[in-house]
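A quick write-up on the structure given underneath.
Order of the sequence lines fixes the chain letters, A, B, ..., with proteins taken first and strands second; residue numbering starts at 1 for each chain.
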Amino acid sequence: MPKTIFEKIWDDHLVADLGDGSCLLHIDRVFLHERTGSIALSSMAEQGRRVKNPQQVFATMDHIVDTFPGRGDNTTMPGGKEFITLLRGEARRAGITLFDINDPRQGISHVISAEQGIALPGLTLVCPDSHTCTLGALGALAWGIGSSDCEHALVTETLRVVKPGQLGVRLEGRLAPGVTAKDVILQLTGKYTAAGASGCVLEFHGPGLGQLSVEARMTLCNMAVEFSAFSALIAPDETTLDYVAGRPYTPTGSAWDAAQDYWRTLHTDAGAVYDKELNLDLTQIEPSVTWGTSPQHTIGVCEQIPDPGAEADAITRNGMERALEYMDLKAGRAIASVPVDAAFIGSCTNSRLSDLRAAAKVLKGNKIAAGVKALCVPGSTQVKRAAEQEGLHEIFLEAGFEWREAGCSLCFYAGGEGFPVGARVITSTNRNFEGRQGPGVRSHLASPATVAASALKGYIADVRDFAAG
Amino acid sequence: MKPFGAYEGIAVPLLRNNIDTDAIIPSREMRQVSKKGLGTGLFAGWRYLNTDREARALNPDFVLNQPQYAAAGILLAGANFGCGSSREHAVWALLEYGFRAVIAPGFGSIFYHNAMRNGLLPIRLPEAAILNLCNADAARLTIDLHNTTVATATGLSYRFEIEPLYRDLLLQGMDAIDLTLQRQDAIEKFQARDRQQRSWAYLR
């Protein structure tokens, strides 16, 4: 019987059918970070439970650790140090590999699990972090879980999972210059709402994928959770295998041969069926930006902010009105030309080398507008060093950006470093929720190139106006 | 986990779509490695007029601060409740505040699962049904998990669907890890076979 890639991975991890559509699935890798990994490990310790197989478990410092040069265990976040020292202590006790603050492999969990070859095609990988779906770009079944489920995975190497439905998203056509994977996932969420993939695992497929690098595919899959998907998947192809080859935890020798043979079977068979299907014509997508407080509040950079009055559903209309009030914007206004106070490039969505290159290409030889605070936070120490070898840091610094150590940084406000109350930020992150980047802070999501262009202009700008775009 | 059988309580309407877990418990309110001490941070961005944790000023316009809802134990919400971040702190904060159930047209999938794991009952009902429940003034609702119904004192009653596996866990207040550990043999058998077939997937 023809199967989807999801069904193949699911079936190969099935330990037991628990009935009623629930299954006990084998979990191949668990990744932890200091914010949610610390609570999972300390709760386990309280109950006298042990990590069953520490060789399959990894941990990093990304969420709470500062990104200032010369950082240490002390953080600007009140109480932050406890998260860091607790994770370190518990990881040591359990024998878990930790990519600690000064480790050259440190970085955002979803960036480094790909970089280190910890996430691989066909594996199941979980992390108590919603953006774990990023790793679906490699053909891994990877999803975010809570702390209780994390404990379950650590203690039993399995999870009890209700089988999700399947949504196929077929991508067709080539992206126009200046348009990126970020714009694609923003438009998908804008068109079908933030609940659009509810209850489903999503597979991106179709001829439009070939043009996307693995890093671009990670951006696409990263925001599947903002589209309410259980996770996202992309079948591994030669581009994926080239990416995976030779990484520190990638299998070698005969194991590599066996893995490759298996990975080449991981595609959706002709005749396999999804529960729902969507088509997306990539030629029609523009550089995009959000205007409101949900990723579904997306428009093209040349468009006007929509009118809540045109919305029939009362709850949706009220939501749009609340969003406009919070964002201090009016319906009908062109989004381009809205002034920004700050620009942020970073996060598990857009902090890899290709993202920094795209932004640097726009910034090169230019200066950001007066009064704009701008930061670039590489996704990993390895990305940071690679960027420095290419001289990208000089482009950022000369343009007026701060150049930071790797971490999640200002993707969210944890009570330490933050943007001023009410600041308007153009940001390459994934969530424009009320207060996400700080009390009263107004976040506009966009691609790194659009963030760079807007930082130069001092207002939300169309990256296509820059020759380099 | 506290078992969930039947519950009767006041329902408070917060009819917004896409209430994310950052709104339920902002990152800045999660200052300790603990499942406790989170109730006062619940909906902090909406519930208080300031961000000073030492001198909170209540926002009188926010529905939770209105006296008739002071003892609310059921939250009525819009679609996609609990979307966003995986933080289980959102569930712990709701429970510590005093909520035992959330009724919404749909939930973020990680939140839904986290709620079940902690004995906070997430109930899916269509938006129209939720609007009817809201219209029953400061409604006292009765939730019966055995029969999977939500009812008002005035005779309005809705049946909801819940995965039987979750229902049984909630009714018995069972710990999922303990249950799974009973299947240790099946897990070891799987791994013995899997190590042959997918040796490349194992790091030792």
Report the distance from atom [atom1] of [X] to atom [atom2] of [Y], rounding to the nearest 0.5 Å.
X      : Y     : atom1 : atom2 : result
A:R431 : B:T21 : CZ    : OG1   : 6.5 Å
B:D194 : A:L14 : CG    : CG    : 11.5 Å
A:Y413 : B:D22 : OH    : CG    : 13.5 Å
A:H63  : B:S85 : NE2   : OG    : 7.0 Å

Heavy-atom cut-off 4.5 Å, strictly under: side chain, backbone, both or neither for [X] against chain B?
X      : result
A:P121 : backbone
A:H13  : both
A:D257 : neither
A:Y262 : side chain
A:F412 : side chain

Region of [X] in contact with chain A, defined by heavy-atom distances below 4.5 Å:
X      : value
B:R198 : side chain
B:Q197 : neither
B:A23  : neither
B:A176 : both
B:Q32  : both
B:Q191 : side chain
B:F111 : neither

- request: Return yes if a side-chain donor-acceptor contact under 3.5 Å exists between B:W200 and A:Q260, otherwise no.
  value: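 Absent: no donor and acceptor within the cut-off.
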- request: Please determine, by modelled atom types, if B:N80 and A:S198 share a side-chain donor-acceptor pair under 3.5 angstrom.
  value: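 Result is no, nothing qualifies.
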field: Pair A:S148-B:E88, side-chain hydrogen bond (donor to acceptor under 3.5 Å, both in side chains): steps then yes or no
entry: CA-CA 8 Å; A:S148 298; B:E88 201 159 313; 2.3 Å; yes
Looking only at heavy atoms, which two atoms of [X] and [Y] are closest? And how far apart?
X      : Y      : value
B:K35  : A:E151 : NZ-OE2, 3.5 Å
B:I177 : A:T156 : CG2-CG2, 4.3 Å
B:L203 : A:Q55  : CD1-O, 3.4 Å
A:I315 : B:L15  : CG2-O, 3.5 Å
A:E434 : B:W46  : OE1-NE1, 2.7 Å
A:F83  : B:M30  : CZ-O, 3.6 Å

message: With a 4.0 Å cut-off on N to O distance, would you call A:R49 and B:D175 a salt bridge?
response: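 A salt bridge links A:R49 with B:D175.
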When heavy-atom pairs shorter than 4.5 Å are enumerated against chain B, which of [options] gives the highest number?
options                       : result
A:S38, A:S42, A:P164          : A:S38
A:S130, A:G415, A:G79         : A:S130
A:D149, A:T250, A:L87, A:D12  : A:D149
A:V225, A:D129, A:T132        : A:D129
A:N53, A:T316, A:T293, A:L120 : A:N53
A:S147, A:G144, A:P128        : A:S147

query: Can any side-chain N or O of A:R29 pair as donor or acceptor with the backbone N or O of B:A201 at less than 3.5 Å?
result: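 Yes: the side chain of A:R29 pairs with the backbone of B:A201.
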field: CA sep, side-chain torsions, deciding dist, call: A:T36, B:R87, side-chain hydrogen bond (donor to acceptor under 3.5 Å, both in side chains)
entry: CA-CA 7 Å; A:T36 54; B:R87 61 190 72 172; over 6 Å; no
query: Does the salt bridge (Lys or Arg N to Asp or Glu O under 4.0 Å) test come out yes or no for B:R183 and A:D17, once each step is laid out?
result: CA-CA 11 Å; B:R183 293 179 180 264; A:D17 189 334; over 6 Å; no
Would you mind telling me which of [options] has the largest number of heavy-atom pairs within less than 4.5 Å of chain A?
options                    : answer
B:G45, B:G84, B:C83, B:A44 : B:G84
B:D20, B:N18, B:N114       : B:D20
B:E163, B:Q184, B:E127     : B:E127

query: Stepwise, does the side-chain hydrogen bond (donor to acceptor under 3.5 Å, both in side chains) test hold for B:S27 with A:R436?
result: CA-CA 8 Å; B:S27 293; A:R436 167 83 176 179; 5.4 Å; no
